[in-house]
Amino acid sequence: MAIKVGIVGYGTIGKRVADAVAMQKDMKLIGVTAHSYSFNTEVAKAKGYKIFTANGDADLKLNGINPDGDINRLIEEADIIVDATPKDIGRENLEKLYKPSKIKAIVQGGEKHKATGTSFVAQCNYNEALNKDYVRIVSCNTTGLCRTLDAVNKKYGIASVHATMIRRGADPGDIHHGPINAIVPVLEMPSHHGPDVQTVLHDVEIFTTALSVPSTLMHLHTLTVDLKKRAAVDDVVELFKNSTRIRIVRNAEHLRSTAEIIEFARDLGRLRGDMPEICVWQEAIGITRNSHNKLLYMQAVHQESDVIPENIDCIRAMMGFKDGLKSIKMTKH
Ligand code: NAD
C-alpha cells in the first residue's frame, strides 16, 4: 500500500517535496496546503494536486480556487505530514496540530533539533528515524556538510573540522532578503552549523564560521579537515565520486562557479534546474602533509533542492521501511 503524504507549507521546499512524493511508486500525494492565494496555488491546481486551506478559504474562493477541505482534513487523509512552513511555524504546528492528531510529521531545518529530538541525513543516520513519529530534516548547509564529512569520516576518521559557509543572501524568488551590496559575517562563534552537524554526526568535532553574500544560486563551503589516517587527493576524488548524492565537478568541464553549476543543472533538464547533489570541485581538493594530515576542499550546495531526497527517505524510515541503502536507491528526484 502506498504511503499517503500530505504537504503543509507549499513554498520553496514544500513544492519540491510535493513533486518528489508524486514521483515515488510507493507514495501517494494526498494534497498540499494553501496559506494564501498565490501563483503557487495556480501551479498546484495546474498539476492536479488537491488543495487544503491553512488560513481560511476566502482568499482562495475570491481567486476562483475551490479548496478540497482544510488542513485538518488533509491530516485525517494522510499517514504522514511533511511540514515545510517557515521557521518556528513547523514547531508550532507539531505541538498544536500533529501531536494532538497523532499523525507522524517531518519538520525542516528552520526548526531546532529539540523540536523532534531526531535530526536526519539519509546516508548518515537513516536508522535513527526508523518508526519515529517526529523527525527534523537538517538545513541545506548542514545536509551539505554531513554528506561529505560522513564519507570522509568513514574512510579516514576525522580528528577535527573547520568549515566556513559562504551563504547565498536569499533564494532566487525572494524579494525581501539580502544583502544587495555587502558581505555580512555571522557575528557568533561558532556559527550554528557546527552544533547542527553534531545532531547527525554525533562524534565529529567541528567548528564553523559563516557569512552571507549577494548571490541567490547556491552556498559555497570551504572545509579544512584534520584526518586520523593519511589520504591522497586521487583517493579522496574517488571517495566522493562513489558517495551518495555527491558530484565531483571540474575546471575542465568549465564548471568553475555556482552560476555554471546551476546552468549545467538546467541544461541537464533537471526539474526547476535543481542540483540536489553536493558539488565538490576536483581541483580544489588538497592535502597538506603535517602531523595532522589536513584535507582541504570546497563544495557548492543548492539550498533549494539538496534536502528534497532527504525528506523522501525520511518518510520511508518513519513508516518502517528498514533498508536505508535501498530507500536511497529507490528515491526519484
Ligand atoms: P517559503 O517561505 O518558501 O515557504 C513556506 C510556505 O509556507 C509559504 O508558501 C507560506 O505561504 C506557507 N505558510 C506560512 N505559514 C503557514 C501556515 N501556518 N500553514 C501552512 N502554510 C504556511 O519557505 P522555505 O524556504 O520553503 O522554508 C521552509 C522550511 O524549510 C524552513 O524551516 C526553512 O528553514 C527550511 N529550509 C529552507 C531552505 C531554503 O533554502 N529555502 C533550505 C533548506 C531548508
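FYI, the numbering just counts along the sequence from 1. Note: hydrogens, waters and symmetry copies are ignored here, and every other heavy atom, side chains too, is used. First listed ligand is number 1; within each ligand, the first listed atom is number 1.
- For ligand 1, the atoms lying closer than 4.0 Å to a non-hydrogen atom of Val8 are 20 (C).
- Listed by number with element, the atoms of ligand 1 under 4.0 Å from a non-hydrogen atom of Gln108 are 29 (C), 30 (O), 32 (O), 35 (C).
- In this structure, the protein non-hydrogen atom closest to atom 4 (O) of ligand 1 is Gly11 CA, 3.3 Å.
- Under a cutoff of 6.0 Å and an axis angle of 45°, Lys99 and Tyr134 form a cation-pi pair.
- At most 12 non-hydrogen atoms from other residues, nucleotides or ligands lie less than 6.0 angstrom from CE of Met298.
- Residue Ile13 places at least one N or O, backbone or side chain, under 3.5 Å from an N or O of ligand 1.
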Step by step, work out the side-chain hydrogen bond (donor to acceptor under 3.5 Å, both in side chains) result for Ser119 and His113.
CA-CA 6 Å; Ser119 295; His113 173 72; 2.6 Å; yes
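- Side-chain contact check for Arg316 and Thr331: at least one donor-acceptor pair (N or O, by modelled atom type) lies under 3.5 Å.
- Near Thr85, meaning under 4.0 Å from one of its heavy atoms, ligand 1 places the atoms 7 (O), 16 (C), 17 (C), 19 (N), 20 (C), 21 (N), 22 (C), 28 (C), 29 (C), 31 (C), 32 (O).
- Across the listed options Ile7, Thr12, Val107, Thr41, Thr12 owns the non-hydrogen atom lying nearest to atom 3 (O) of ligand 1.
- The single protein non-hydrogen atom nearest to atom 42 (C) of ligand 1 is Gln303 O, 3.2 Å, given as residue, atom name and distance.
- Looking at Glu260, its side chain does come within 3.5 Å of a backbone N or O of Arg256 through a donor-acceptor pair.
- When His35, Glu310, His219 are checked for heavy-atom proximity to atom 11 (O) of ligand 1, His35 turns out nearest.
- Taking atom 43 (C) of ligand 1 as the reference point, the nearest protein heavy-atom neighbour is Cys140 N, 3.6 Å.
- The main-chain N or O of Lys4 is found under 3.5 Å from a side-chain atom of Asp79 such that the two form a donor-acceptor pair.
- For a threshold of 3.5 Å applied to N or O pairs, the pair formed by Arg168 and ligand 1 contains at least one separation below that value.
- Residue contacts with ligand 1: Asp171 is placed with a nitrogen or oxygen under 3.5 Å of a nitrogen or oxygen of the ligand (distance criterion only).
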Verdict with reasoning, Arg270 to Asp274, per salt bridge (charged side-chain N to carboxylate O under 4.0 Å, His left out)
CA-CA 6 Å; Arg270 297 283 184 82; Asp274 284 349; over 6 Å; no
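- Looking at ligand 1, you won't find any N or O of Pro86 less than 3.5 Å from one of its N or O atoms.
- Below 4.0 Å from some heavy atom of Ile89 lie the following atoms of ligand 1, by number and element: 15 (N), 18 (N).
- For ligand 1, the polar-atom distance check finds no N/O of Ser36 at less than 3.5 Å from any of the ligand's N/O atoms.
- Here the side chain of Asp70 pairs a donor or acceptor atom with the backbone of Arg73 at under 3.5 angstrom.
- Side-chain N or O atoms of Gln303 include none that pairs as donor or acceptor with a backbone N or O of Asp171 at under 3.5 Å.
- Lys15 and Asp19 are not joined by a salt bridge, as no carboxylate oxygen comes within less than 4.0 angstrom of a charged side-chain nitrogen.
- Closest protein heavy atom to atom 33 (C) of ligand 1: Gly110 N, 4.0 Å.
- Put simply, part of Ala84 is less than 4.0 Å from ligand 1, judged by heavy atoms.
- Counting heavy atoms of neighbouring residues, nucleotides and ligands inside a 6.0 Å radius, atom NZ of Lys154 exceeds 12 of them.
- Distance check for atom 21 (N) of ligand 1: a protein heavy atom is found below 4.0 Å.
- Residue contact check: Ala54 has heavy atoms under 4.0 Å from atoms 19 (N), 20 (C) of ligand 1.
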